[in-house]
Structures are given as structure tokens and as C-alpha cells.
Amino acid sequence: MIALPSAARADTVSDFVGYYQNAYAEGRDLIPGPQIPLDISSIASRLDLQTVSPKAALSGSAFLGADGDVIKLAGVQGCLSAEPLEFAGMPTTCAMISLAGMTATLDEAKADAGDAFPCHVFAQNPGRPTVRFAECFFVENGAVRSLSEALICKGLAFAARDRAGRPVFPEYLQAEETARGEQAGIWANGQFTHPYHPVNPSTN
């Protein structure tokens, strides 16, 4: 995709984004998990921030960067359920709420950062496109916030869990429980059931 002439690139990027978004809306996340275990402790012991310019949401937990790489947020998992759901009085699905939530939150994060923000990259999968697993940050009301945590607090996604069912970041599970208690976002629907109990083995 990156190697195409600029005249053809725009349509190709649009097609690429549409392909991933359409699959996600159907309940299929085409972005693979990490090929190696993520060293989550590195975010506290050796923080290494890289500037990322997001282009478009691809799923409820990933977006396309301006450099053509896919950024998959390590701490959050978007909803994949394509079952009918009512949200804010409108018929939709949990997957569509997560996808729209990622789009809106990216726009908010970019607004105060000149269309770019810092991300700490834990690891990446080789290939085309390259998938980088990261946590990204933005400034909101003068305070630094995690993009993952913002999605969870709004009730637009869930705290990612490992294969054993443990939260990747315990503090994000606390944020999820708070959002659930406040009936934020997806949690406002009384018929909604958490889709990751039992834990989906594809989660992180």
C-alpha cells in the first residue's frame, strides 16, 4: 500500500480502511494479535514514546497511522458483537458502537495535538501492513489521558484481558467496572451482556 504512487494511494487507503471497517461491523476483527508476548512492564520502566498520526479507525481498538502501519491498542478490546442493540434510541450493534467510538475518540485526541499524539510501542508484527501494539496518550483539559482508558470510561470498549482472563492493565478493569456502574455507553442497554465472559481467546 505504501509503495503505490500518490495518485493511486488515496483510493487504496480508502478501500483498505473500508475493508477492515466492514469486516469489523460484521463481527470479524481482521487485525491479528501479537506474535510474541508483550512486555507490558516496559511502559513503566522504559517509556519510549513515538509520534503517531492517525488516519482512520479500523476497529474498536485499532487505527491506521499516516505511515501505513496499523496501531493496535494493547490495553483495550473493542466489542465484536453484531447482534442488534438499541443505543441512544437508535438500532445498531455493539461492534458499530465501538467502531464509531474509536473514530470519535481519535478525532478528540487529535484536536488538541495537531493531528498527532505519542504512543509507547510494545512490539510489532512484521509484514504488510505492519501491526504495532501500543498504548497512546493525549491531553484532555490539561491532563494526560490514555486513549484506551478514554474508550473504556465512555463505555465504548472493554479492558483487554490475556488468555488467562487477567486484565492486561488492572487499572483499566477498574475503569470498565466504573463505566458499567454508571451505565455509560454500551452499558446503558439493560439487555447487554459482556461478550468476553468467558474470555475470548483472541483478546490480546
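With hydrogens and angles ignored, the 3.5 Å screen pairs no side-chain donor or acceptor of Thr130 with any backbone N or O of Pro126. Of the possible polar contacts, one joining the Ser98 side chain to the Cys79 backbone as a donor-acceptor pair under 3.5 Å is found.
Partners of Ser148 under the side chain to side chain donor-acceptor pair (under 3.5 Å) rule, at least two apart in sequence or in another chain, are Glu135.
Counting all heavy atoms, side chain and backbone alike, Ser146 lies closest to Phe137 at CA-CD2, 3.9 Å. Between Cys153 and Ala184, the closest heavy-atom pair is O-CB, 3.8 Å.
Considering only heavy atoms from C-beta on, Asp48 stays 4.5 Å or farther from Val121 through its side chain. Put simply, the side chain of Phe138 does not reach to within 4.5 Å of the side chain of Pro118, judged on heavy atoms. Counting heavy atoms from C-beta outward, Leu151 and Leu73 have side chains that approach closer than 4.5 Å.
In the hydrophobic clustering of this structure, Val144 groups with Val52; members are Ile, Leu, Val, Met, Phe, Trp, Tyr whose side-chain heavy atoms approach within less than 4.5 Å, directly or through other members.
Aromatic ring pairs are classed by plane angle as parallel below 30°, tilted from 30° to 60° and perpendicular above 60°; the pair Tyr172 and Phe169 is tilted.
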Identify all side-chain donor-acceptor contacts of residues 84-97 below 3.5 Å with residues at least two apart in sequence or on another chain.
from	atom 1	to	atom 2	distance (Å)
Thr93	OG1	Met96	N	3.1

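Taking the six-membered ring where the residue is Trp, the centroids of Tyr20 and Phe16 are separated by under 6.0 Å.
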